[in-house]
Amino acid sequence: MCPSDAGERRRVALEGRRRRAATCCALLWLAAAAGCGGLSAPQFRLNMEDIIRETPDKDPDEFRITGREREQVRQGLLEEMRREKDPQKIEQLEANFGAALDAGTEEVLKLKRDKIKKLKILNTALVALFGTPDEPYVFPESGLDIKKIRLAAGPAQTVNSNVRRGLYRQHCVHCHGISGDGAGPTAVFLNPYPRDYRQGKFKFKSTEFAAKPTDADLLHTLTEGIPGTAMPSFKLLPLDEREALVEYVKYLSMRGEVELAMARYLFVDEEDLELSRSTLVEFLAESAESWSSAAEHVVRPQTQPAHVAATDPAEKARLLAESIERGRKLFAGEKAACVKCHGPTGLGDSEDKLYDDWNKDKDPEKFGAEAATWVLPRQQLRPRNLRLGIYRGGRRPLDLFRRIYTGIYGGPMPGAGPSPGREATLSEEEIWSVVDYIRSLPYEGQVAVPPPRQLTQRSRQSGSLP
Amino acid sequence: MSSPAVPHTHAGAAAAAPAMPVAKFLATYVFSRDHKVIGLQFLFSTLLWFIVGGLLALAVRWQLAFPWQGMPIVGRLLFSAEGNQISPEFYTMLFTMHATVMIFFVIIPILAGAFGNFLIPLMIGADDMAFPTLNMLSYWVMWPAFVLMTISFFVPGGASAAGWTGYPPLSVAHGAAPASQAGQTLWVLALVFVGISSMMGSVNYMTTIIQMRAPGMTMFRLPMTIWGMFITAVLQAFALPVLTAALFMQLLDRTVRTGFFIPEGLVINNEGVAAGGGQPLLWQHLFWFYSHPAVYIMILPAMGMVSDIISCFARKPLFGYKPMVYSICGIAGLGFIVWGHHMFMSGMNPALGAMFMVSTIMIALPSAVKTFNWLATLWGGKIQFTTPMLFAMSFVSMFIIGGLSGIFMAATPIDIFIHDTYFIVAHIHYVLFGGTAFGVFGGIYFWFPKMFGRMMNEFWGKVHFLLSFIFFNGTFFTMHLLGAGGFPRRLADPYHYATFRHLLGMNQFITYCALGMGAVQIIFAINLFYSIFRGPRCGRNPWHANSLEWLAPSPPGHGNFDVQPVVYRGPYEYSSPETTEDYYPQWQPPPAGQGEASHAQAQQHA
Amino acid sequence: MNKFWCLLFLAVPVLGVAAFAWAPGAGYWLPRDISDHGWQIDHLFYFVLTLTGAVFVATELALFWFAWKYDGRTNMQPVRFTHGSHDVEVLWTLAPAATLVFIAIYQMNAWADVKMRQPDVPVLAEVTARQFEWRIRYPGADGRFDTLDDVHVVNDLHVPVDRDILITLKSQDVLHSFFLPNLRIKQDAVPGMKIPVWFRARDVGEFDLVCAELCGWGHYKMKGRLTVQSASAFQQWLAETAAAQEATQEPEVEESE
C-alpha cells in the first residue's frame with residue numbers, strides 16, 4: 001500500500017522475487033544443516049576408579065605432553081633448586097636446566113604412554129570378551145545366553161519398529177548406567193544409589209553371604225522391585241523380557257568383575273597381559289564359575305518355627321506370642337546385638353555412621369579436593385526402620401530368615417548363621433524367633449481400630465445431591 | 001510535542017548520527033523511558049524466549065515420537081555416554097520449562113509488555129505512560145527473571161522439573177524431583193520477578209488508561225485493544241498478590257522448611273520429610289486463583305487486538321462494541337470464581353467441584369458472545385485479505401475450537417476421563433497458540449509499520465500464515481483424538497501401556513507437523529528482521545485505520561504526536577455514510593456545521 | 001487468491017468433522033468401557049461432542065461464508081454500516097446461556113454417581129502410591145487392615161467382577177493419580193489424605209492402571225495392572241498370595257509367574 005506509483009511497485013515486485021529466491025535457498029540450507037549429523041554409538045565406560053584415578057579422555061594415538069604437565073615438571077625442578085643449599089650445585093642445576101626439563105617431560109610422557117598402552121590392551125581384551133553395548137558378545141565359557149542378552153542390549157526400540165531389542169536402555173540405563181556402574185544420569189538424585197553391578201555384589205538374595213545371587217533372586221528383585229528404594233517393580237513386563245534383563249545384569253556384572261581383575265593385574269601387579277584366547281578365558285572363568293555355582297549356595301532353613309506346624313489356633317497363637325517374646329529378648333540381647341544399629345525401638349535410629357561397600361572407601365577427607373569431582377558423592381547408610389513394615393529383600397518369613405542368617409553382602413549387616421571361619425551366633429530356632437518379633441514390630445502397640453473413616457460418608461441410598 | 005518525527009529505529013538512528021556517544025545510546029535504546037522503546041525491548045526479548053520455548057517443545061515432541069531414540073544435537077551434547085538418549089528427568093524438565101517459558105516469558109510479557117506498552121499511549125492519545133520510570137523498571141525487572149531462569153538450566157539437577165504448575169510436594173520436597181534443588185528455587189524466584197514486573201506494568205496501565213486519555217476519548221471510545229489491556233491490568237492487580245504469596249510460601253517451604261504444603265509423615269527418596277502439617281491442595285488453590293485469571297490475561301489483549309484488526313480489514317464497524325466490552329468484564333469477573341475446575345480430580349470435595357462446574361460452564365458465555373460479534377462484524381463488510389487479517393480470522397477460527405473443547409473439561413464427569421490427557425493439551429494450545437499467538441502474529445504484522453516505519457513483506461507473511469496454520473492444525477487438532485484415547489500428558493514413554501501403544505503413529509505425525517511449524521517460524525524471523533532494515537517505507541496510516549496511533553508519525557518520535565489529538569468518535573467508524581472515504585479516523589473533525597455538537601461534547605469530556 | 005483463503009477456512013470444519021468421523025473406525029477413540037457408570041460419562045461425551053460439533057460447524061461455516069461472500073474484491077454491495085443490534089445480542093446471549101445451564105444440570109447425576117454416592121461396602125483394598133509404583137494392601141482373612149495377615153502386592157490390583165468395589169487411595173510421597181481408562185475412573189492420590197474410590201467392573205480381563213498426575217522423573221514408569229476376575233478366582237488368588245507371603249520354606253516349584 002505504501003509504494004504508490006506503478007514503477008515503484010514493479011521495482012518492489014522484482015526485488016521481492018529476488019528476495020524470495022534468496023530466502024528459499026537459506027531455508028533449504030538450514031533444513032539440510034539440521035538434518036545432517038549422525039549419532040554416535042555408545043561405548044562401555046572404562047570404570048576403574050579404584051585402580052587408576054585418571055584416564056586420558058583424548059584419543060590415545062594423539063597423545064602428547066600438555067603445557068600444564070610441562071609446567072609441573074618445571075616447578076618441580078625449580079623447587080629442587082630452591083631447596084638446594086650448595087651454591088655450586090645450584091649453578092650446576094641451572095646450567096643443566098633445559099636438559100633436565102626435557103628429560104623430566106620425557107619421563108612423564110613415557111609413563112603416560114605406558115598407561116595408554118595398557119589401557120588399550122585392557123579395552124581390546126574387554127571388547128574381545130564382551131563386545132560393545134550395541135553388539136554384545138559372550139564366550140561360551142561365561143555360561144551366558146547370548147540370545148537373551150541381545151534382547152536386552154542395543155538401542156531402545158520404538159514400539160512400531162517390530163524389533164524387540166534394547167530393553168536395558170529402555171528401562172534401566174537411566175539409573176544403572178550403560179556399563180552397569182550404577183552411575184546413570186538419574187543415579188545421583190537417588191537414595192540409596194542404584195546398584196553398581198561391576199563388583200558382583202548383590203544385597204538381596206537367597207544365597208550365602210558372599211555368594212552370587214541365583215537367577216531366581218535377580219528375577220525376584222526385578223519383579224517385586226525393592227520397596228523403600230527407587231527400584232520399581234517390573235512385574236508387568238513379560239517374563240521373557242525380565243529374564244533377558246536378568247541375563248544382561250549378569251553379563252554386565254561379569255564384565256565389570258573381569259575388568260577390575262584385569263586392571264588390577266595390569267596396573268597394580270604391573271604384569272603384561274597376553275591377548276590370547278586362553279588368557280582371556282582364564283580371567284573370565286573365575287567370575288563365570290561363581291555365577292554358575294550360585295544355586296549350590298542357597299540357604300534353606302532346616303527347621304520351621306513351632307507355631308507354623310501347630311494346627312490348633314489357640315495353640316498357634318500361644319506359640320507365636322512366646323516366639324515373639326523370645327525374639328524381643330534376643331533382639332535386645334548381647335548375642336545378636338541387633339539394637340546396636342537398629343536401636344532399642346527398632347526404628348533404625350542408632351547414632352553410628354554406617355556405609356556400605358560402595359561408599360565405605362569414599363572418605364572425602366582421604367581424597368581431599370578430588371572428592372568434589374565424584375559423580376556420586378558419599379552416601380550414608382541407614383539401618384532399616386523395622387516399624388514401617390517395608391522389607392527390601394521381601395516380606396516372607398523365609399526372606400527375613402535369610403537376611404538374618406546370611407547378613408547383607410556389601411553392607412554392615414552381619415550374618416547370624418554360620419559362615420566359613422565363624423560360628424553361628426544364633427541357632428535357627430532363635431533366628432525364627434527374631435523373625436517373628438520383627439514381623440510383629442509394625443503392629444506392636446496397635447489396638448484393633450475400625451476401618452478408617454472416609455472423606456465423604458454418603459451411602460448409596462441417598463439418591464439426590466447434598 | 002511539536003517536533004517532527006524523529007526516527008526511532010536502529011537503522012534510522014545509525015544513519016542520522018553515526019557517532020552517537022555511548023551514554024546517549026544507552027539512554028535512548030537501553031535505559032529508555034519511552035514507552036515505545038520499552039515495548040520493543042519486551043517484543044524482542046519475548047521473541048527470543050519464544051525460540052527457546054519452541055525448541056523445548058520440539059525436544060518434547062521428539063521423545064514422544066521416537067522414545068529413547070538418540071535425540072539430535074541435545075542427545076549428543078548431554079547424553080553421549082548413554083547413546084544420545086535423553087534421561088526421563090530431562091524430559092520432565094523439557095515440558096516444565098516449555099510451559100514456564102511460553103507462559104511467563106512469552107505470552108504474558110508479549111501481550112502486556114510489548115503490545116501494552118507500545119499501543120496504550122498511542123491509542124489513547126497520550127504522549128507516554130503515566131509513570132515512565134516505573135515502566136522502564138517493569139522491563140528491567142524481567143531481566144533478573146531471565147537470568148535466574150537461564151542459570152537454572154545449568155545448576156546441578158537442571159531446571160525445574162515439577163511441571164509448570166509446580167505442585168508440591170514434588171516441587172517442595174528435596175529429592176522428590178531431581179530439580180528440587182537449586183533449579184526449583186530459581187524457578188520460584190524468577191516467577192516472583194515476573195510477578196513484580198507484571199504488577200508494575202499493571203499499575204501503570206490502569207493509571208494511564210484512566211488518567212491520560214486524549215480530549216474526547218471517553219471510556220466507550222477506547223479501541224477494544226485498550227479494553228483488553230485495561231481488564232488484563234485489573235486482573236493482574238487482583239490475582240498477582242495471591243501468586244506472589246504462594247510463591248513465597250513455596251520458597252519458605254523449600255529453604256527454611258516451613259510446612260505450608262507438606263503434610264505429616266511423608267517418606268520421599270528414602271528420607272522422612274521433617275516438615276509437616278500442611279496441605280498440598282492449598283498450593284493448588286492459591287496457584288490456580290492466579291493462574292486461571294492468568295489464562296484470560298493471556299487472551300484478552302489478543303482478543304482486543306483481533307477485534308481492531310477484523311474491524312479495520314472488514315472496513316466495517318465492530319459489531320456490538322458495548323456487548324464486547326461487557327463480555328470482557330464478564331470474563332474478568334467470572335474468571336475469579338472458576339479456578340477450581342483445574343482441581344476436579346485433585347481430591348477437593350466433590351460438592352465444591354459441582355459448584356465450580358457451574359461457574360466454569362457459564363464463563364463460556366461471554367466468549368461465545370465475542371465470537372458471534374466477530375462473525376457479525378465480517379457480515380456485510382468488504383474484507384481485505386491482508387496478512388494481519390488472515391491471522392485475525394484464524395484467531396477466530398481457532399478460538400472457536402479452543403473454546404468449545406473447554407466445555408468438555410468443564411463438564412466434570414467428562415473431565416474424569418480426559419483430565420490430564422492430551423485433550424487438555426490440545427485445548428490449551430488452541431487457546432494460547434491458535435488464539436493468542438496467532439493474534440500476536442497478526443498484531444505484529446498490523447502494527448509493524450507503526451513500530452518501524454516500514455512494511456513487512458506481504459507475500460512471505462502469507463506464506464508464513466499458510467504454513468503455520470496448516471502445521472498448527474496438524475499438530476494440535478490430532479491431539480483431541482489422542483485425548484479421546486485417554487493418552488496422558490507428561491509421560492516420557494506412554495507406550496509402556498497397552499492402552500496407548502497404538503497411538504505412536506499419530507504421535508509421530510504430530511511431531512512431523514510440529515517440526516514443520518517450528519521451521520516455518522524461520523520465515524517469520526527473516527521477514528521481520530529484513531523488513532526492519534529493508535522493508536518499503538510507509539506513511540502514517542498505511543492500513544487506513546481509525547484509531548489514534550495512526551495519527552502519529554511512523555515511527556512516532558518521543559512524545560508520540562506532533563499535535564495534541566482530539567477525539568471526535570469511536571474507533572470503528574469504517575465506511576461511515578458521513579464521509580466519502582471508507583474510514584473516518586477518530587481524530588478527524590466533523591465537517592463544519594455538522595459536528596458542532598459532538599465537538600463540543602468532546603471538549604467537555606476532556 | 002482471496003477465495004483460496006476462504007477455502008482454507010472452510011477446510012477447518014470439513015477436515016475437523018472428517019477427523020472425528022474417521023477416528024473411531026480407525027481405532028483412535030475412547031477405550032473400551034467395562035464399568036457400570038462409564039456409559040454416563042461416554043454418553044455425556046457424545047452429547048457435548050454433538051452439541052459443540054454443531055456449534056463448531058455452524059460458526060466455522062459462517063466464518064467461511066462471510067469471508068467468501070464479503071470478499072472486498074468481489075463484493076460490490078456497499079458496506080452494511082451498523083454498530084450492532086440489541087435484539088440479536090440478547091438472542092445470542094440467552095440461547096447459549098440456556099444451553100449451558102442445561103449442560104451443567106444435565107451432568108450432575110453422573111458426577112454424583114462417580115464421586116459422591118459412595119457404596120456402603122467394606123473397603124476391598126488400600127492403594128498407596130509412591131514414587132514410582134502402586135503398593136496395594138488387602139485386609140487379609142480377618143477383614144481388618146494393619147494386622148499381620150494383610151496381603152501385600154505391588155502394581156497388581158485384583159478385583160472381583162460385578163461387585164461394588166471400594167478402594168482407599170493414599171500417597172506416601174507426592175501427588176499421583178489413579179487412572180483406570182477402561183473404567184472411566186480418575187482420582188488424584190494426595191499425601192496426607194485418604195480418598196475413597198469406587199467402581200463396578202462388568203467384564204473380566206486385564207486392564208491398565210495409569211498414573212495421571214506428574215509424580216517425578218519416573219512418572220511414566222508407574223504402571224499398574226487391574227485384573228478383573230470372577231469372585232471365586234479372586235478369592236483363590238487372594239488366598240494363594242496370602243499363603244505365599246507366609247512362606248517359611250522355598251516353594252517346591254520355583255514360582256515363575
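Here the structure is a predicted model, which means the values were calculated and not measured. Atoms considered below: every heavy atom in the structure, side chains included; atoms not considered: hydrogens, waters and symmetry mates. Chain letters run A, B, ... following the sequence lines, proteins first and then strands; every chain starts at 1.
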Discussion item. Counting only non-hydrogen atoms closer than 4.5 Å, can you tell me which residues of residues 34-47 of chain C sit against chain B?
Written reply: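 Answer by number: C:Ile41, C:Leu44, C:Phe45.
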
Anything under 3.5 Å between a donor and an acceptor, one on a side chain of residues 491-499 of chain B, the other on a protein residue two or more places apart or in another chain? List them.
from, atom 1, to, atom 2, distance (Å)
B:Asp493, OD1, B:Tyr495, N, 3.3
B:Asp493, OD2, A:Gln170, NE2, 3.3
B:Asp493, OD2, B:Trp68, NE1, 2.9
B:Tyr495, OH, B:Leu64, O, 2.6
B:Tyr495, OH, B:Asn507, ND2, 3.0
B:Tyr497, OH, C:Met222, O, 2.9
B:Thr499, OG1, C:Asp208, OD2, 2.5

Identify the two heavy atoms, one from [X] and one from [Y], that lie closest to each other, and give their separation to 0.1 Å.
| X | Y | result |
| --- | --- | --- |
| B:Phe500 | C:Pro181 | CZ-CG, 4.2 Å |
| B:Ile383 | C:Phe66 | CD1-O, 3.6 Å |
| C:Tyr220 | B:Pro88 | CE2-CB, 3.5 Å |
| C:Ile195 | B:Gly347 | CD1-CA, 3.8 Å |
| B:Pro350 | C:Met116 | CB-CG, 3.5 Å |

In the structure I gave you, are the side-chain heavy atoms of [X] and [Y] within less than 4.5 Å of one another anywhere?
| X | Y | answer |
| --- | --- | --- |
| B:Phe408 | C:Thr52 | yes |
| B:Gln284 | C:Leu175 | yes |
| B:Phe372 | C:Thr93 | no |
| B:Tyr574 | C:Phe81 | no |
| B:Met345 | C:Phe179 | no |
| B:Leu170 | C:Gln131 | yes |

Worksheet item: For the candidates B:Ala176, B:Ser405, B:Ala368, which exhibits the highest count of non-hydrogen atom pairs separated by less than 4.5 Å from chain C?
Response: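 Of the options given, most contacts go to B:Ala176.
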
Worksheet item: Any idea which of B:Leu378, B:Thr421, B:Val267 has the most non-hydrogen atom pairs under 4.5 angstrom with chain C?
Response: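 Between B:Leu378, B:Thr421, B:Val267, the count favours B:Val267.
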
Discussion item. Return the CD1 to CD1 distance between B:Ile361 and C:Ile105, rounded to the nearest 0.5 Å.
Written reply: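 B:Ile361 atom CD1 to C:Ile105 atom CD1 measures 10.0 Å (nearest 0.5 Å).
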
Worksheet item: Is there any salt bridge (charged side-chain N to carboxylate O under 4.0 Å, His left out) pair reaching into residues 261-271 of chain B, and which pairs are they, with sequence neighbours excluded?
Response: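 Those involving residues 261-271 of chain B are A:Arg382-B:Glu271.
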
Discussion item. Main chain of B:Gly381, side chain of C:Asn75: is a donor-acceptor contact present, judged purely on distance under 3.5 Å?
Written reply: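 It does hold such a pair.
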
Worksheet entry | Check: B:Trp379 side chain, C:Arg80 main-chain N or O, donor-acceptor pair, under 3.5 Å |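 Not at all, since once roles are kept as given, no pair shorter than 3.5 Å links the two residues.
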
Item to complete: Indicate the ring-plane relationship of C:Trp92 and B:Phe319, choosing parallel, tilted or perpendicular according to the 30° and 60° boundaries.
Response: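 Tilted.
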
Worksheet item: Side chains of C:His83 and B:Glu573: do they bring a donor and an acceptor to under 3.5 Å?
Response: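 There is such a pair between these side chains.
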
Worksheet item: Sequence neighbours excluded, which residues qualify as salt bridge (charged side-chain N to carboxylate O under 4.0 Å, His left out) partners of C:Lys170?
Response: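 Partners of C:Lys170 by the salt bridge (charged side-chain N to carboxylate O under 4.0 Å, His left out) criterion, ordered by chain and then number, come out as C:Glu126.
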
